[in-house]
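Side-chain atoms are counted along with the backbone in the values below, which use heavy atoms only and exclude waters and symmetry mates.
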Protein chains: 2
Amino acid sequence: MATGRTHRPATRSRGIPEATVARLPLYLRALTALSERSVPTVSSEELAAAAGVNSAKLRKDFSYLGSYGTRGVGYDVEYLVYQISRELGLTQDWPVVIVGIGNLGAALANYGGFASRGFRVAALIDADPAMAGKPVAGIPVQHTDDLEKIIKDNGVSIGVIATPAGAAQQVCDRLVGAGVTSILNFAPTVLSVPDGVDVRKVDLSIELQILAFHEQRKAGEETAGEEAVTASVPKNTPKGPDGDVPVVMPA
Amino acid sequence: MATGRTHRPATRSRGIPEATVARLPLYLRALTALSERSVPTVSSEELAAAAGVNSAKLRKDFSYLGSYGTRGVGYDVEYLVYQISRELGLTQDWPVVIVGIGNLGAALANYGGFASRGFRVAALIDADPAMAGKPVAGIPVQHTDDLEKIIKDNGVSIGVIATPAGAAQQVCDRLVGAGVTSILNFAPTVLSVPDGVDVRKVDLSIELQILAFHEQRKAGEETAGEEAVTASVPKNTPKGPDGDVPVVMPA
DNA sequence: CCATCTTTGTGCACGCGTTCACAAAGACAT
DNA sequence: ATGTCTTTGTGAACGCGTGCACAAAGATGG
């Protein structure tokens, strides 16, 4: 799962729980697939299986949105697609800028999952003058100098940062200064933003490290019979997959 | 057969909370930066600020690892780097394969954050015969036919899936069949894996949708109730969640 | 050696999220 | 209409994570 932070303090009034919001896109994807197969209705059990969650959780999630189901039948697929889309704000157009058109930025620009959800890549921005004008995913890259103007001209409120770590905070400050209030950060840095600005971060390295932790524990479990806790220097030598280290081939 | 989440129910022995594990890489990154600046010790307050978390939370996190701090002084940076690295299993070499060398796969192959954390890209695999042999990030792409052999020859236990959604489950099955027990999934699909296999997913589109939800709510807040005149500064949030802005630019 | 000061480590309370289990609601057949 | 059957919506219990607040531990200075 992606490591997002900056959760809000439980929106007071008509608050949909943050955990529920995070699952709505999951339901929406499953529902869209059903819709394309012209399935008219779906039960909480079926939909939950398709989305990979518990059915009770799914029903509770939907209960925050309203009573959109029919007892004894299930949920109307089309209607639910619409309701969730509306709740997530996907019925409107969201212009997005991507800053930092390296490998990752280019991959993001080419990513098809954006356009299909109401997100439109309004501009690509990079600090390298050599990139300026060069088309990526059919969109010409523009220079960082024009960042503020681009944001304002396009009414952009969501920015994606795919720059190196060193440039991220500076880019972030300029985005916020120009009016961006939501940021998706791919740079491995903690961003400081004023109140009212949302930041979600995706860190590939962190995800791998979490996997490594579990992987190590799995490997240790096999060899661990009974262990006295000595609390300091466990000579844990998991005879894991690195028994034979072939050749380290630097990139 | 489990679907998607393979949650570990706090196994008997050394149960470090999942939430803590997810933050360890964050601390490690901050500590590494301090180490490079030859800072000998750091207090929980300083380190917490650098990692963007609450200091009490950080101390509690560390308490699960052991008592590595010195009261009145703080934590020894080098020692803590080692302890966290060991806990995360980063002191050993983790060969990783990336399947699906499109835009995203290529970006991942080029990502520098892997090698610096003990992860080694052992192989790149793609289904397109035209890609075979072509070097990406200095590593020749190999064909899917050889997937099983590559996994076994290199002792790979962590796989990264960057294929289109349609191919993801099939690739996943083959990876698991060949011995992979941890998967990082970038395809927008719910993967079914047997018990004992961990799956983490990163979905770019979902992150944007969550941002859109909050963005829409912000926009709605302004028009409801009284008008917020001065642009971007909203009403005070009762408490600072994580978004506190200490902006520590340490000397 | 004692006093004071700093910072860790943690007991405790609170709130959010998850899950169970079941009554209410509606469809459908007779 | 009435009974049966299916599935939703939710009250309630539980567990995990978070943050406060403070005592314990060690450093430091006199």
Please determine whether a side-chain nitrogen or oxygen atom of Tyr75(B) lies at a distance below 4.0 Å from atom OP1 or OP2 of dG9(C). yes
Under 4.0 Å, heavy atoms only, any strand: does Tyr64(A) hit a base, just the sugar-phosphate, or nothing? nothing
Decide if atom CD of Gln92(A) counts as having more than 12 heavy atoms of other residues, nucleotides or ligands within a radius under 6.0 Å. yes
From NZ of Lys60(B) across to C1' of dG17(D) the rounded distance in Å is 9 Å
Compare the minimum distances between each of dT8(C), dT18(D), dG26(D) and the side chain of Ser44(B), then state the nucleotide with the smallest one. dT8(C)
Side-chain donor/acceptor of Gln169(A) to backbone N/O of Ser192(A), under 3.5 Å: yes
Euclidean distance, atom CG of residue Leu65(B) to atom P of dT10(C) [Å, nearest integer]: 12 Å
Any sub-3.5 Å donor-acceptor pair from Thr32(A)'s side-chain atoms to Leu28(A)'s backbone N or O? yes
Please tell me whether Tyr68(A) and Tyr79(A) form a close aromatic pair, meaning their ring centres lie under 6.0 Å apart. yes
Per Lys57(A) side chain, nearest of listed nucleotides dG17(C), dG9(C), dT19(C): dT19(C)
Assess whether one donor atom and one acceptor atom, taken from the side chain of Arg71(B) and the base of dT8(C), lie less than 3.5 Å apart. yes
Looking only at side-chain N and O atoms, does Arg59(B) come under 4.0 Å of OP1 or OP2 in dT18(D)? no
Nearest to the side chain of Thr70(B), which nucleotide is it out of dA27(C), dC20(C), dG26(D)? dG26(D)
